[in-house]
Structures are given as structure tokens and as C-alpha cells.
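Start at 1 with the first residue, then count along the sequence. As the structure lists them, so they are numbered: ligands from 1, and atoms in each ligand from 1.
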Amino acid sequence: MVEKTKVETLHVDLGDRSYPICIGAGNLSQFDLESYINGDKALIVTNELIVPLYLETIKARVKNKSIDIMILPDGEQFKNLEYLNLIFNKLLEENHDRKTTLIALGGGVIGDMTGFAASCYQRGVPFIQIPTTLLAQVDSSVGGKTGVNHLLGKNMLGSFHQPAAVLIDVDVLGTLSDRQFSSGMAEIIKYGLIADVDFFDWIESNRTRLLERDKSTLITAIERSCATKSKIVSADETEMGIRGILNLGHTFGHAIETFQNYRGYLHGEAISAGMLMAMSVSLKEGYLAKGNIDRVENLLAFFDLSTKPPKEMMPSDFKKLMWRDKKVQNGRLRLVLLERLGKALIDDKFSQLSLDSTLENACKP
Ligand code: NAD
Ligand code: GLY
């Protein structure tokens with residue numbers, strides 16, 4: 001008899017679309033997947049790297065359903081309409097009807113694409129998130145933002161479509177590369193910066209244990225991150241206000257990712273450099289103290305995260321790409337700034353000078 005693993009469950013409260021986030025260690029082979037599948041059929045969407053690692057374990061959790069598998073190539077550069085269409089082809093070829101359920105098994109790329117496919121297929125079918133990267137476990141699997149990239153802009157095509165459940169096993173992080181692990185740390189640090197200064201202090205104090213991937217420390221970090229995200233999403237599902245603060249550094253970071261055609265910095269690396277740029281604007285606007293920025297930079301550097309944009313990028317590249325950001329409203333760019341550590345605000349009144357000198361400094365060799 002297999003002993004049951006202890007699983008913590010958080011909830012995203014969205015009325016009749018509320019869902020659980022189940023967080024444990026070694027619980028992959030115990031996920032109660034079938035209880036979230038209404039019909040007889042499901043499609044697991046994953047990528048070629050994940051297949052040999054975790055696919056069989058997940059398939060074994062859905063023995064009483066008819067399962068099809070869609071294996072996508074691995075990489076952010078495949079997060080586009082062309083590869084999304086392969087999911088629709090598979091669903092149609094295998095005669096999936098409106099009772100089907102999609103299962104995303106992978107990182108944020110697979111999660112975002114599967115969620116988007118689920119939101120469109122026959123006008124919307126349910127999907128389940130099984131996030132396998134740290135970044136996906138603390139951020140992308142929660143909150144229902146789905147989508148794909150366009151060559152001209154990151155995540156420019158998408159929808160809001162909440163999952164039926166988010167099932168997290170920290171043990172799968174054991175196979176993640178150091179670089180991908182650090183990419184997830186950028187989003188964890190983000191939660192401390194935007195809403196939870198005690199958590200920021202805790203990350204600083206536990207940095208070595210986190211880097212060593214100590215399981216109970218990781219579970220605490222994932223729970224705290226998911227708790228902050230679910231609270232914000234429950235208050236503002238479609239980003240009419242407060243949810244915007246989850247995008248600290250993203251206007252700069254998305255510009256970096258688009259500039260590099262999604263083949264350079266990882267998402268968390270781009271967000272790391274972007275958060276420091278947003279903090280530089282915050283400093284120039286009279287909010288943050290320089291000492292605080294140094295503290296954040298040290299922590300990001302400890303996890304080997306980027307603290308600068310790629311050297312080929314010029315201020316003019318940022319300007320061109322940032323004005324295509326989803327936070328531009330009526331021609332005005334809005335930025336997420338930090339009033340202080342643990343408190344973010346959305347600002348469209350910052351001075352052009354603060355932004356220009358931030359870009360000049362960040363792009364200096
Ligand atoms: P990813 O999905 O590309 O995964 C990173 C790499 O890790 C890939 O090579 C993947 O195959 C591999 N991998 C996944 N799980 C693994 C495991 N357990 N062991 C070994 N390797 C593993 O990238 P990501 O960082 O997970 O996600 C980034 C994406 O998420 C971006 O497209 C970003 O825009 C999106 N995102 C979305 C939201 C949202 O709210 N929807 C939030 C943040 C980020
Ligand atoms: N990652 C930003 C959001 O989910 O709103």
C-alpha cells in the first residue's frame with residue numbers, strides 16, 4: 001500500500017469557477033486527476049523533454065478515461081499560433097467533443113498554450129494544470145491567463161480561462177536545470193517585492209536553502225507565492241486594476257524577450273532585468289531608496305539572474321517594443337513601480353525623463 005503524501009490545498013476563489021491548488025512532494029503518482037475530468041476523453045498536452053520524465057506517471061492516473069497525447073517541440077519559440085493549431089488538429093482528428101478535458105503537463109509554455117487551446121476549442125472546454133517548472137508552479141499555472149506569442153509581441157494573443165485544478169509536486173523540480181530553476185526564483189522574488197516584504201526578507205534569509213532546493217523551504221516559497229497570486233486573481237480576475245501589479249518588470253522584460261525572438265533570455269531572466277529597470281524608474285520618481293535596489297540586485301545576482309538587458313539592446317529598441325505592451329491605454333504607457341519594498345503601484349504619470357535615463361543607464365555597456 002502506497003502511503004499518502006501530505007498535500008496542502010489553497011483555493012482560487014472565483015465563485016462557481018473556483019479551483020484548488022494542491023501542493024505536495026512526491027504526490028505526482030497520487031494526483032486525483034480523474035475527478036477533474038467530466039467526460040470519457042482527455043488530451044494530455046506536453047513536450048518532448050517531459051515525455052520520458054513524467055508522462056507515464058500521469059497516464060497511469062487516468063486509466064478509466066480514453067487518453068490522447070499531443071507532444072509539442074520544446075521551447076518558447078514554439079509558443080505561437082502555428083504550434084497551437086497542432087493541438088486543435090489532434091483534438092479534431094481524435095473526435096474530441098465538448099465534454100473533453102485538456103491536461104497541461106509541463107512548464108509555462110505548455111500551460112499557456114494548453115489553456116488557450118482549451119478556451120477556444122468548441123467555444124471552451126475545461127483544462128487541468130500540472131506545472132513542472134518552478135516558474136509554472138508559482139505563477140503561470142495559477143490565474144487563468146492563457147495565450148501565445150506573436151513575432152511582434154509577447155503573449156499578444158490569448159484569453160482568460162481558469163483551470164479546473166492546479167496539481168503541484170515539488171519533486172519534479174529535481175530534474176530542472178539550474179538556469180530554469182533560477183528563472184522561477186525571479187517570479188518568487190517578485191511576489192515579495194510587490195506585496196509581501198516579510199516574504200522578501202524570508203527569501204533573503206533562506207536563499208541558500210532555496211538554491212539547494214530544500215523541499216520544505218521550496219514548498220513554503222511555492223505556497224506563499226500561490227497564496228499571494230490567488231488573492232490578487234480572486235480580487236481582479238481580468239486585470240482591470242490590482243492584478244496589474246503582478247506584471248512588475250514585465251513591460252521591460254517582454255520587450256527583451258520579443259527583441260530576442262524568444263530565443264535569448266529566459267522569461268525569469270528578462271523579468272529580473274526588467275524589475276531592476278522598474279525599480280530604477282521608481283527611484284527617479286522619488287519612491288524607492290537606492291539601498292533597497294542594491295538589496296534586490298544582490299538577491300537576483302545570488303540566483304544568477306540577469307541584472308541588465310542584453311548588450312545588443314538600445315533604448316530605442318525598448319521604446320519601440322514597450323509601446324506595444326498590453327498595459328498601454330489610450331496611448332499612455334503604464335508601468336508597475338515600487339512605492340517601497342512590498343508595495344507596488346501602477347503609474348501612468350511618471351516622467352519621460354525617469355524612463356529615458358533608466359533606459360540609457362541600463363543599456364550602457
Ligand atoms: P518553459 O515552459 O519553456 O519550461 C522551461 C524548460 O524547462 C523547458 O525546456 C521545459 O521543457 C523544461 N522543463 C519543464 N519541466 C521540467 C522538469 N520538471 N524537469 C526538467 N525540465 C523541465 O518555461 P517556464 O519558465 O516554465 O514558463 C515560461 C512561460 O510562462 C513564458 O511563455 C511566459 O510568458 C509564461 N508565463 C505565463 C504566466 C501566466 O500567468 N499565464 C505567468 C508567467 C509566465
Ligand atoms: N503573470 C501575470 C498575471 O498572471 O497576471
Side-chain angles (χ1 to χ4, degrees), residues 12 28 45-55 57-58 71-80 104-116 119 129-149 153-163 166 168-188 190-191 194 213 225-226 228-230 232-233 235-251 253-254 256-258 262-263 265-271 274 326-327 336 344:
V12 182
L28 196 72
V45 182
T46 188
N47 75 30
E48 52 209 4
L49 189 147
I50 305 290
V51 168
L53 297 173
Y54 305 115
L55 181 61
T57 310
I58 292 305
I71 303 169
L72 292 172
D74 179 22
E76 182 78 38
Q77 68 272 33
F78 303 110
K79 185 182 162 183
N80 57 35
L105 175 65
V109 168
I110 289 295
D112 281 12
M113 291 179 78
T114 308
F116 192 25
S119 76
Q129 288 271 21
I130 307 179
T132 60
T133 62
L134 182 59
L135 186 140
Q137 294 187 347
V138 298
D139 193 349
S140 62
S141 64
V142 175
K145 274 192 184 173
T146 79
V148 294
N149 302 326
K154 170 91 181 158
N155 291 339
M156 277 295 155
L157 311 164
S159 63
F160 287 100
H161 188 56
Q162 301 293 340
V166 180
I168 297 175
D169 178 356
V170 290
D171 276 7
V172 301
L173 302 180
T175 51
L176 203 60
S177 71
D178 290 342
R179 190 174 168 207
Q180 293 292 351
F181 181 84
S182 285
S183 180
M185 278 310 306
E187 299 279 15
I188 292 179
K190 175 191 80 180
Y191 290 112
I194 59 171
R213 306 190 197 186
S225 302
C226 287
T228 298
K229 180 146 188 188
S230 56
I232 293 174
V233 168
D236 178 22
E237 181 183 7
T238 55
E239 202 170 308
M240 305 307 282
I242 183 75
R243 183 165 179 169
I245 67 169
L246 289 168
N247 296 315
L248 176 68
H250 284 55
T251 303
H254 284 171
I256 294 173
E257 289 181 87
T258 307
Y262 314 111
R263 290 164 194 268
Y265 279 24
L266 300 179
H267 181 68
E269 293 169 340
I271 293 324
K326 291 194 287 309
K327 274 182 300 308
V336 183

Students should be able to answer this: which protein heavy-atom is nearest to atom 30 (O) of ligand 1, and at what distance? G108 CA, 3.4 Å
Residue D139 vicinity, atoms of ligand 1 by number, heavy atom under 4.0 Å: 42 (C), 43 (C)
Between K154 (side chain only) and T258 (backbone N and O only), is there a donor and an acceptor less than 3.5 Å apart? no
Kindly identify the option in L176, L266, N247 whose heavy atom sits closest to atom 16 (C) of ligand 1. L176
Ranked by distance from atom 1 (N) of ligand 2, the top protein heavy atom is D139 OD1, 3.4 Å
Give a yes/no verdict on whether any heavy atom in E257 is under 4.0 Å from an atom of ligand 1. no
Non-hydrogen side-chain atoms of K229 and E187 separated by less than 4.5 Å: no
With a 3.5 Å cut-off and no angle check, do the side chains of T175 and Y54 form a donor-acceptor pair? yes
Looking at ligand 2, does any of its N/O atoms fall within less than 3.5 Å of an N/O of K145? yes
For atom 33 (C) of ligand 1, what's the nearest protein heavy-atom neighbour? Residue, atom name and distance, please. K154 NZ, 3.6 Å
Check ion pair R213-D178 (N to O, under 4.0 angstrom): yes
Looking at ligand 1, is there an atom of it that comes within less than 4.0 Å of some heavy atom belonging to Y262? no
Selection from D112, L53, L246, I130 by shortest heavy-atom distance to atom 35 (C) of ligand 1: D112
What distance do M185 atom CE and K190 atom NZ have between them, rounded to the nearest 0.5 Å? 12.5 Å
Parallel, tilted or perpendicular, as decided by the 30° and 60° cut-offs, for the rings of H250 and H267: perpendicular
Checking the side chain of S225 only, and the main-chain atoms of I188 only, is there a donor and an acceptor separated by less than 3.5 Å? no
Here the gap from Q137 atom CD to D169 atom CG, rounded to the nearest 0.5 Å, amounts to 7.5 Å
Heavy-atom distances under 4.0 Å are what count here, so tell me which part of I50 touches ligand 1: side chain, backbone, both or neither. side chain
Tell me the contacting part of Q180 for ligand 1: side chain, backbone, both, or neither, using a 4.0 Å heavy-atom threshold, strictly below. side chain
Which of H254, E76, E257, Q77 passes side-chain hydrogen bond (donor to acceptor under 3.5 Å, both in side chains) with N149? It is E76
Which distance, rounded to the nearest 0.5 Å, do you find between the CG of L53 and the OG1 of T132? 8.5 Å
Heavy-atom pairs closer than 4.0 Å: do any link ligand 1 to the side chain of T132, the backbone, both, or neither? both
Looking at V51, is its backbone amide N or carbonyl O close enough to the side chain of T46 to form a donor-acceptor pair, meaning the two atoms are under 3.5 Å apart? no
Heteroatom proximity flag, K145 to ligand 1, N/O under 3.5 Å: yes
Contact partition for V109 relative to ligand 1, non-hydrogen atoms under 4.0 Å: both
If I take atom CG from residue N47 and atom CG from residue L55, how far apart are they, to the nearest 0.5 angstrom? 10.5 Å
Under 4.0 Å between heavy atoms, the region of N155 that gets near ligand 1 turns out to be side chain
May I ask you to identify the nearest protein heavy atom to atom 4 (O) of ligand 1, giving residue, atom name and distance to one decimal place in Å? T133 CG2, 3.5 Å
Provide, to 0.1 Å, the distance between atom 40 (O) of ligand 1 and the closest protein heavy atom, together with that atom's residue and name. K229 NZ, 3.4 Å
Kindly confirm or rule out an N or O of K229 lying under 3.5 angstrom from an N or O of ligand 2. yes
In the protein, which heavy atom is nearest to atom 38 (C) of ligand 1, and how far is it? S140 CB, 3.2 Å
Could you pull out, from V233, I232, N247, the option with a heavy atom nearest to atom 2 (C) of ligand 2? N247
L28 versus I58: any side-chain heavy-atom pair under 4.5 Å? yes
Considering only heavy atoms, does N47 approach ligand 1 within less than 4.0 Å through its side chain, its backbone, both, or neither? side chain
Quick one: does L49 get an N or O within less than 3.5 Å of an N or O on ligand 1? no
Within the 3.5 Å criterion, strictly below it, is a donor on E239 or N247 matched to an acceptor on the partner's side chain? yes
re atom 19 (N) of ligand 1, the protein heavy-atom contact at minimum distance is T175 OG1, 2.6 Å
Structural part of E269 in contact with ligand 1, heavy atom criterion under 4.0 angstrom: neither
Measure the distances from the heavy atoms of E48 to every atom of ligand 1 and state whether one is below 4.0 angstrom. no
What's the spacing between I50 CD1 and D74 CG if we round to 0.5 Å? 7.0 Å
Among protein heavy atoms, which lies nearest atom 9 (O) of ligand 1, and at what distance? D74 OD2, 2.7 Å
Nearest 0.5 Å, please: how far is CG in N155 from OG in S140? 10.0 Å
Ligand 1 atoms nearer than 4.0 angstrom to some heavy atom of K79 are 31 (C), 32 (O), 33 (C), 34 (O), 35 (C)
Residue, atom name and distance, where the atom is the protein heavy atom closest to atom 31 (C) of ligand 1: E76 OE1, 3.1 Å
